[in-house]
There are 4 protein chains.
Amino acid sequence: MVKNSTLRAHVEAGILRVAATVLAERGDKASMADIATAAGVARATLYRYFPSRDALVKALTEAALADLHDRITDARLDEVAPDEAIARLTRAVVAATHEYRALALFGEEHGAEELKERLLGPLRDQIERGVREGRFRADIPPDVLFALYRGIVEGGVSQVMSGRLGAEQASAAITTVFLNGTLTEAT
Amino acid sequence: MVKNSTLRAHVEAGILRVAATVLAERGDKASMADIATAAGVARATLYRYFPSRDALVKALTEAALADLHDRITDARLDEVAPDEAIARLTRAVVAATHEYRALALFGEEHGAEELKERLLGPLRDQIERGVREGRFRADIPPDVLFALYRGIVEGGVSQVMSGRLGAEQASAAITTVFLNGTLTEAT
Amino acid sequence: MVKNSTLRAHVEAGILRVAATVLAERGDKASMADIATAAGVARATLYRYFPSRDALVKALTEAALADLHDRITDARLDEVAPDEAIARLTRAVVAATHEYRALALFGEEHGAEELKERLLGPLRDQIERGVREGRFRADIPPDVLFALYRGIVEGGVSQVMSGRLGAEQASAAITTVFLNGTLTEAT
Amino acid sequence: MVKNSTLRAHVEAGILRVAATVLAERGDKASMADIATAAGVARATLYRYFPSRDALVKALTEAALADLHDRITDARLDEVAPDEAIARLTRAVVAATHEYRALALFGEEHGAEELKERLLGPLRDQIERGVREGRFRADIPPDVLFALYRGIVEGGVSQVMSGRLGAEQASAAITTVFLNGTLTEAT
DNA sequence: TATGAATGAGTGTTCATTCAT
DNA sequence: GATGAATGAACACTCATTCAT
């Protein structure tokens, strides 16, 4: 049954989608029962697809990161200036995060370290490049810039997730505030 | 024993300090046992001081917010321009947050709503004032600016808490990035 | 599986039976762990069937009272003289109490007030009827007679539960002592 | 300090009195804290007088039984007929039980076995004597008569404790029902 | 001596996970 | 393959009891 693996993949993806939503809504205190119910399956069935809570979370993380990976790869970051690269990255991250409600991905929690590094890397790289090329201010260490950027992104995504902002608007706001700050010309 | 109440207050404060650290580190999954152990007391003793988990969290929230309240009051925000006000607020928030590891304060979770509003209010106010007075860009709604600001602050504080940055440095970075962005003049 | 609900009901009833015994033996200090162990299930399983201690006690109460209700209804009390009614009631109460070890039912403790009233009512009624009809002594208020009757029944049931007496013997003893006292004719 | 032991005895007696009340009201679920508070002393002080819960209960039991013992001794049971003996015993038991709220004394629970036996003995003895002498019905075993008697007494005492009946009335009702039953002559 | 403080051993309850159908 | 049932390992909280002042 060639179809089997495909079917299973579909169910898996569906569960992951639901799980992402539930975890985003109820936070880490969402129980497996909550997720199973929301997904319309029995708890034991949920365990058939993901043999443990960790496995589920890891799968969720990987899916989100894979999605993000694709978007970043598509962005051809090296072909544009660092600020445009930041703009593209921001759009990619906002879109992926919104898609998977996976805000927490940036945290230290869950496995998938290699994958995560593969993704956080480009972000870091672009900022470092910008500093190196003199486009970004050098008075703040790149690490800090990166941390602040992550913060802004989380703030912007939270606006998207609460429905107060569209993904495009949020991306623009994040990008422009990070790049240009909030003051008017007069500064 | 006049000292008694003071002594108790000291122990209480000590436990709160430890609890703040533990909760910041392990998150909501830190158990009362964890906190008690970290504080060097038996679980039952912890319950002597805070009769329930909620009471502990609430006390923690209130202590942190009261601390922050004092700092903000001291800052005389209305007597300076919005950007200087932001600078002072940032310093106050970073210091208080670092002191109490109370990152979560900005979240929606725990009670103490009135107090929290009393504190989030000034932040919001300053941003709105800045927009109104033409110091801050008007192309991004104040709400969004506020959310992004919250995000940057969280990012900066995380740097402080991990020891990679001093409070003063972090405050400066947060402020300057929020106000001026990351691009060099050439933009 | 039509059987499923029935099976669950059987298990429930079994647990209730055991719980009644344990609670009767160890009193209110019997823990849920005690009950679960006695029932041969894990504590968590006990909670599957009765989500809280209160729920268990309430279910137990209701089962016993329902049983007693049936027996009393079957007794057609109004069709016989008060003393025969007392005899029948006594047999019903002894049997039901023995069955469910539910001595405590007569206490004030647990919910199921309406049901309880439906059951204590007939007892009270028969005694009052007996007094009204001149069959029972009028020099003792019906309330008191009722209280004494309850006491005798509890005494008799304790004999049954400790195995020193059969239900039928106990019922007869209770009835005859209550109705005729312990003195020989000569009185 | 000769007075010391006397003073201590007074405090002890006072605590016992309060403890009897509290235990009667709240049952076995009354905590040491409850008792200490009701007695107006700190928990630790309560423990100074009674080094454990069991010790307190045992002391309470012994006090009640000693009181009862005195009353029974005063009753000169052997000098009167069994039915009069029952009447006197009933008055003694009701009074003592009411005094100490010590209904539970008849139970199997707490130590003080020898003392208890010294007291339950006379009750049993009188009933057996009554049977032997042909005053009490012989168709019910003395053990059972005794159990039923205990039940009636408990029922009557509960009326006294709830204030619905005076001790004298209750004693009379208990005695006459036990001896003569509830039916009118016509039986 | 009297007491506030500290604590170990439970209790009720929940939840992730396994098993039998 | 899907599910209801069962369970062990926590967790929040309580209480009888001990200790230091």
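On a predicted model such as this, the values are computed, not experimentally measured, just so you know.
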Any B/Thr45 side-chain N or O less than 4.0 Å from OP1/OP2 of E/dA5: no

Rounded distance in Å - CG (B/Leu56) to C1' (F/dC13): 14 Å

CE on C/Met32 to OH on C/Tyr47, rounded to 0.5 Å: 4.0 Å

B/Lys58 NZ - F/dA12 P separation (whole Å): 19 Å

From CD (C/Glu12) to CZ (C/Arg48), nearest 0.5 Å: 11.0 Å

Non-hydrogen atoms of A/Leu16 and A/Leu56 that approach each other most closely: CD2-CD1, 3.8 Å

Heavy-atom pair of closest approach, residues A/Thr97 and A/Val157: CG2-CG1, 3.7 Å

Reading 5' to 3' through nucleotides 16-21 of chain E, protein heavy-atom contacts under 4.0 Å coded B for base, S for sugar-phosphate only, - for none: BBB---

Interatomic distance where CD belongs to A/Glu12 and C1' belongs to F/dA2 [whole Å]: 16 Å

Any-strand Watson-Crick or G-U partner of F/dA12, both distances under 3.5 Å: E/dT11

Whole-Å distance separating the CG atom of C/Leu46 from the P atom of F/dA5: 15 Å

Atom-pair distance (NE2 on C/His10; P on F/dA5), nearest Å: 15 Å

B/Ala64 backbone acceptor or donor facing B/Asp67 side chain under 3.5 Å: no

Under 3.5 Å on both distances, the Watson-Crick or G-U partner of E/dA5: F/dT18

Whole-Å gap separating P (F/dC11) and CD1 (B/Ile35): 11 Å

Below 4.0 Å: OP1/OP2 of F/dA6 and any side-chain N or O of C/Tyr49: yes

From CA spacing to verdict: side chain to side chain contact (heavy atoms under 4.5 Å, CB included), D/Phe50, D/Leu60: CA-CA 10 Å; D/Phe50 304 98; D/Leu60 187 53; over 6 Å; no

